[in-house]
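Beneath this line is the structure, given in C-alpha cells, with notes to follow.
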Amino acid sequence: MQTNRFPLLCAGLFATACATGAQAADKNKDPNPNIIFILCDDMGYGDLGCYGQKYIHTPNLDRMAQEGMLFTQAYAGSPVSAPSRASLMTGQHSGHGHVRGNKEYWQGEVMYGQNKDYAIVGQEPYDPGHIILPEVMKRNGYTTGMFGKWAGGYEGSASTPDKRGVDEYYGYICQFQAHLYYPNFLNRFSRSMGDTAVVREVMEENIRHAMFGDDYFNRTQYSADLIHQRALEWLDRQDGSQPFYGFLTYTLPHAELAQPNDSILKGYKKKFFTDKTWGGSEGSRYNPVEHTHAQFAAMITRLDAYVGEILAKLEEKGLAENTLVIFSSDNGPHEEGGADPAFFGRDGKLRGLKRQCYEGGIRVPFIAWWPGHVRAGQVNDHQLAFYDVMPTFCELIGDKKFPKKYINKELEGDCFDGISFAPTLLGQDDRQAKHDFLYWEFHETDQIGVRMGDWKLVVVRGTPRLYDLATDIHEDHDVAAQHPDIVRQMTDIILREHRPSELFRVTLPEARP
C-alpha cells in the first residue's frame with residue numbers, strides 16, 4: 001500500500017543535464033530499461049535519514065527516497081553477507097539455495113612487500129548449474145558491470161565473475177579480504193582490457209606499509225574510493241546504445257572502521273566530541289580504531305556521496321529516465337570492528353542484529369528511483385525479499401519466459417522462489433501478487449525465520465517462537481502457546497521448504513499434530 005510521505009519535488013534530482021546528455025538520451029531508444037542495483041554492507045534499517053536516523057547526514061539517499069519509492073517491509077535474503085547476496089543472485093531463499101552461509105576458502109601463502117597474505121581466497125561458489133542474475137541479464141542483451149564484493153566463489157573456482165555473466169568487474173572476490181579498506185590487492189576482470197580470467201591488481205602503495213598496527217594507516221589506496229571510481233568510469237562509457245545492468249556492491253559501512261581523514265570524517269569527529277576507541281582484532285583483519293562513532297557515521301555519509309555521484313552521472317548523460325536505480329543493504333547492523341549500533345539506534349526499533357533472523361537482522365532499507373516511472377514521494381509496505389529481484393527485473397525488461405526458460409532440468413530440485421514486485425514499482429497495486437510467506441535460515445546461530453502476513457516465527461535451535469508484528473514489532477512477546485494452530489501452520493512451511501544441506505545445517509522444529 002502506498003502513502004504520500006514526501007512532497008513532490010518540482011525539479012528532478014541533479015536536474016542539470018548537459019547537451020551531451022541530451023544526445024545520449026536521443027540514442028537510448030531501446031525499450032528495455034537500464035538497471036543499477038546498489039547494495040551496501042551491514043547497513044541497518046534505521047541508518048538513513050529517510051528511515052528516521054537523527055545523527056548521520058544522508059542527503060542523496062534521502063532525496064532518492066523523496067523522488068522515488070521507499071519500502072518499509074523489504075527483507076534481505078539472509079542475516080549475513082554471502083547467503084544474502086546469493087539469494088539476490090539466484091532468486092532462491094536460503095532453504096533452497098546452495099550458498100547459505102559464509103563458508104571461506106583461504107589457501108596457500110604469498111608475500112606482498114612485507115605482508116603475508118593468502119594465495120587463494122573466497123567463499124563457497126554458487127552452483128554453476130543454476131543460473132544467476134548477471135547471466136539472465138546477459139541473455140537479454142545487457143552489458144553487465146559489477147563493482148565491489150563478489151562473495152560467490154573463491155579465486156579459480158567454477159563461480160567467479162568472468163564465468164558468471166559479468167563483463168566488467170573490480171573489487172574483492174573474497175569478502176574476508178574486504179575486512180581491510182586498505183588491502184594488499186583487489187581483483188579485476190575486464191573483457192574490454194582483454195582479460196580471460198580474474199586477476200589481482202596489487203596495491204603497490206599500500207604494500208609498502210604493514211597490514212596491521214600504526215603503520216597500516218600510512219596506506220593511501222582506499223578500496224571504497226577505488227571501487228567507486230571504476231564504477232563511475234564504467235557508467236561513463238555507457239552511451240545508451242545497449243542496455244546495461246550495474247551491480248554496485250559497496251563494502252561501506254562494514255567494519256573495519258577506516259577511511260581517509262578528510263572533511264567528512266573530520267566533521268563527524270567534531271560532532272561526536274565524546275567518542276569511543278576499539279582495540280582491534282588481527283585475526284579478523286580489523287585494525288584498532290579511534291573515534292568509532294565518527295568513523296561509522298562518516299562511512300555512511302561517504303557512501304551517500306557515492307550514490308549522489310551515480311545519480312548525477314545518469315542525469316549528466318541523459319540516462320536517468322531510462323534507468324531504474326535500487327538501493328539496499330545485504331543484512332542488518334553489525335557490532336564488528338568497534339561498531340556500536342545501539343548508539344545510533346540503528347535497528348530502527350527492531351530487535352536483533354546481523355546473524356539473527358529477528359527483524360533487525362533481515363529487514364533492510366530499500367529505495368527505488370526511476371524518474372517518470374516510479375512515482376515520487378511514495379512509501380510502500382509491500383513485503384518483498386531479495387529473491388524477488390530476479391523476477392522483477394525479468395518483468396521490467398520484457399522477459400516473459402521466466403522462470404520456465406531458466407530451470408535446469410538436469411539439476412535436481414532447481415527452482416526460483418521470488419515474485420515480481422514490478423507492479424508495485426509502477427503503481428499498479430491492483431495486480432501485485434503477494435507472498436504467502438517469506439523464509440530464512442542461518443546455520444551459524446541455528447535460526448530459521450518465517451513471516452506469514454503479520455505473523456513471524458523464529459525457530460532457535462529447534463524451538464519455535466511466535467510474534468505478532470502488527471502489535472509487537474520488536475518481537476518481545478512470544479505468543480506461541482496462545483496460537484498453536486499458527487505455529488503448526490508455519491512449522492509445516494519450514495518442513496516443506498527446507499532442503500537438507502551438508503554444509504549449512506540447522507535444527508528443524510518438530511512436526512506438530
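We count residues from 1, following the sequence as given. Side chains included, hydrogens not; waters and symmetry mates left out as well; all remaining heavy atoms used.
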| message | One thing to verify: whether E336 and R285 come together as a salt bridge, which I'm taking to mean a side-chain N less than 4.0 angstrom from a carboxylate O. | response | no

| note | In terms of heavy-atom contacts, V166 and P134 come closest through CG2-CB, 4.0 Å

| task | Look at the side chain of W369 and the backbone N and O of R63, then say whether any donor-acceptor pair between them is shorter than 3.5 Å. | result | no

| task | Could you walk me through whether Q242 and T143 pass side-chain hydrogen bond (donor to acceptor under 3.5 Å, both in side chains), step by step? | result | CA-CA 7 Å; Q242 181 182 10; T143 185; 4.6 Å; no

| query | Would H130 and H98 count as a close aromatic pair, with their ring centres under 6.0 Å? | reply | no

| query | Does Y181 have its ring centroid less than 6.0 Å away from the ring centroid of Y222? | reply | yes

| query | Does any N or O in the side chain of N184 come within less than 3.5 Å of the main-chain N or O of I207, such that one atom is a donor and the other an acceptor? | reply | no

| query | Can any side-chain N or O of E444 pair as donor or acceptor with the backbone N or O of G101 at less than 3.5 Å? | reply | no

| request: Side-chain contact test, heavy atoms from C-beta onward, threshold under 4.5 Å: evaluate it for E309 versus L232 and give yes or no. | output: yes

| Do the side chain of Q229 and the main chain of L226 share a donor and acceptor less than 3.5 angstrom apart? | no

| field | K409/D414 salt bridge by N-O under 4.0 Å criterion | value | no

| Test item: T90 side-chain N/O and I132 main-chain N/O as donor-acceptor pair under 3.5 Å | no

| said: Out of the candidates Y172, F247, Y126, only one should pair with W150 under the ring-ring contact (aromatic ring centres under 6.0 Å, His included) rule; please name it. | reply: Y126

| field | Y170-F189 aromatic ring centre distance below 6.0 Å | value | no

| Ring centres of H96 and H498 under 6.0 Å apart? | no

| Is a salt bridge present between K456 and E359, judged by a nitrogen-to-oxygen distance below 4.0 Å? | yes

| Charged N-O contact under 4.0 Å between R431 and E395 | yes

| task | For the pair Y45 (side chain) and T72 (backbone), establish whether a donor and an acceptor sit closer than 3.5 Å, ignoring hydrogens and angles. | result | yes

| said: Could you report the tightest heavy-atom contact between N287 and M211, atom names first, then the distance? | reply: ND2-O, 3.3 Å

| said: Counting only heavy atoms not in E104 (residues, nucleotides, ligands), do more than 12 fall under 6.0 Å from its CD? | reply: yes

| query | Nearest heavy-atom pair of L384 and L438: which atoms, and what distance? | reply | O-CD1, 4.2 Å

| query | Do side-chain atoms of Q92 reach the backbone of Y387 as a donor and acceptor pair under 3.5 angstrom? | reply | no

| message | Would the distance check show the side chain of N60 and the main-chain N or O of D304 forming a donor-acceptor pair, the cut-off being under 3.5 Å? | response | yes

| field | Pair D330, S81: side-chain N/O donor-acceptor within cut-off below 3.5 Å | value | yes

| Stepwise, does the salt bridge (Lys or Arg N to Asp or Glu O under 4.0 Å) test hold for E201 with R230? | CA-CA 13 Å; E201 284 194 2; R230 293 292 180 99; 2.9 Å; yes

| request: Indicate yes or no: does R200 engage E155 in a salt bridge with an N to O separation below 4.0 Å. | output: yes

| message | Less than 4.0 angstrom from a charged side-chain N to a carboxylate O is my criterion; do E135 and K138 meet it? | response | no

| Ring centroid separation Y216 to H209 under 6.0 Å | no

| Can you check whether Y306 and Y250 have ring centres sitting under 6.0 Å from each other? | yes

| message | Would you say the ring centers of F147 and Y169 fall short of 6.0 Å from each other? | response | no

| message | Evaluate F327 against F366 for ring pair (Phe, Tyr, Trp, His ring centres under 6.0 Å), listing each step before the verdict. | response | CA-CA 6 Å; F327 175 90; F366 199 96; 9.3 Å; no

| Is K317 reaching over with its side chain to a backbone N or O of D236, donor-acceptor style, under 3.5 angstrom? | yes

